[in-house]
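The next block holds one structure in the form of structure tokens; read it before the comments.
Chain letters run A, B, ... following the sequence lines, proteins first, then strands; residues in each count from 1. As the structure is a prediction and not an experimental result, all values here were calculated from the model.
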Protein chains: 2
Amino acid sequence: MVEHVAHLDAVFHALADPTRRAMLGQLAERELTIGELATPFSMSFAGASKHVRVLENAGLVTRTIRGRTHLCRLEAARLAEANAWLRRYQRFWTARLDTLEALLLAEDEAKQK
Amino acid sequence: MVEHVAHLDAVFHALADPTRRAMLGQLAERELTIGELATPFSMSFAGASKHVRVLENAGLVTRTIRGRTHLCRLEAARLAEANAWLRRYQRFWTARLDTLEALLLAEDEAKQK
DNA sequence: TACATGCTCAACCATGTAGTTAAGTATAAG
DNA sequence: CTTATACTTAACTACATGGTTGAGCATGTA
């Protein structure tokens, strides 16, 4: 919980682009190759490839090279970090989730006993 | 839930900088002037002011001009939008919060009766 | 009135980003 | 062996970003 800071820079930057968010949306359905990720967008192949690279560098996507195709998979851990950061502010927009958080903490304590 | 897309660009971009995230952290404690927001950082006043402008443009901060000082307040609605976007991926990193989500839904249904 | 304070704006610099095209590499298929 | 496919890399353009300094504009204060 200390060098996550650099992660957050990369993750939030990666998420700050609609093309990349859409790519993650696709990857939430199933693993896709670079080509499959590129086709929905009116953009050169190389351009899409660069977006994938950004997602990869942010740790949001992992790549498995299989022959000449590169299979991409959604990697959620860094999304969880971003979510964890945001959760610190949840009390500002709703009290409901505070209750849930309390439930979680209680659950954790129960487990630790 | 349709032109939120542009919001998300701005919000995630604003969050992709450690200085700005730290500023939000300060604003979570209490309202602060631009000067107060600037002092913790080894950066010119004008530089800090520009960061605040970015937060403001992203809708994360509102400003109240009071005499010659500008009071800044955290505005959480856009953070909530970002969180809502992330929540769509929660199932990928934990099952626990799915349960909580189910609880919330059940709660909502109970209230609607 | 004069001066200090809080902040913005404009101009500038260095670097980064998003996109392109073109060429190169490796793998699969004929 | 030859060609098509999947992808990367490099070079380039245009523009955004993060930072600076210096000037300017209100608003307090003496």
State, with a plain yes or no, whether a side-chain heavy atom of B:Ile65 is found less than 4.5 Å away from one of B:His70. yes
Is any side-chain heavy atom of B:Glu36 closer than 4.5 Å to one of B:Arg30? yes
Parallel, tilted or perpendicular: rings of A:Phe12 and B:Phe12 (30°, 60°): parallel
Side-chain heavy atoms of B:Leu8 within contact of A:Leu15, under 4.5 Å: no
From NE2 of B:His13 over to P of D:dA16, roughly how many Å is that when rounded to an integer? 11 Å
Neighbours of DNA chain C within residues 40-61 of chain A, by heavy-atom distance under 4.0 Å: A:Met43, A:Ser44, A:Ala46, A:Gly47, A:Lys50, A:His51
Starting from P on D:dA6, measure out to CG on A:Leu37 and report it in whole angstrom. 14 Å
For a 4.5 angstrom cut-off between non-hydrogen side-chain atoms, does B:Arg21 reach A:Asp9? yes
Distance check needed: D:dT5 P versus A:Glu36 CD, whole Å only. 16 Å
Rounded to the nearest Å, what distance is computed from the CZ atom of residue B:Arg68 to the P atom of nucleotide C:dT5? 8 Å
Output the rounded distance in Å from CG (B:Leu32) to P (C:dC7). 11 Å
Separation of B:Ile65 atom CD1 from D:dA26 atom P, in whole Å? 12 Å
If you define the side chain from C-beta out and look only at heavy atoms, does anything of A:Glu81 sit under 4.5 Å from A:Val11? no
Need one value for A:Thr19: base, sugar-phosphate or nothing, where a base atom within 4.0 Å counts as base even if backbone is also close, heavy atoms only. nothing
Need one value for A:Arg66: base, sugar-phosphate or nothing, where a base atom within 4.0 Å counts as base even if backbone is also close, heavy atoms only. nothing
Please report, rounded to the nearest Å, how far the P atom of C:dT15 is from the CG atom of B:Asp17. 18 Å
Report the distance from atom CZ of B:Arg20 to atom C1' of D:dG19, rounded to the nearest whole Å. 12 Å
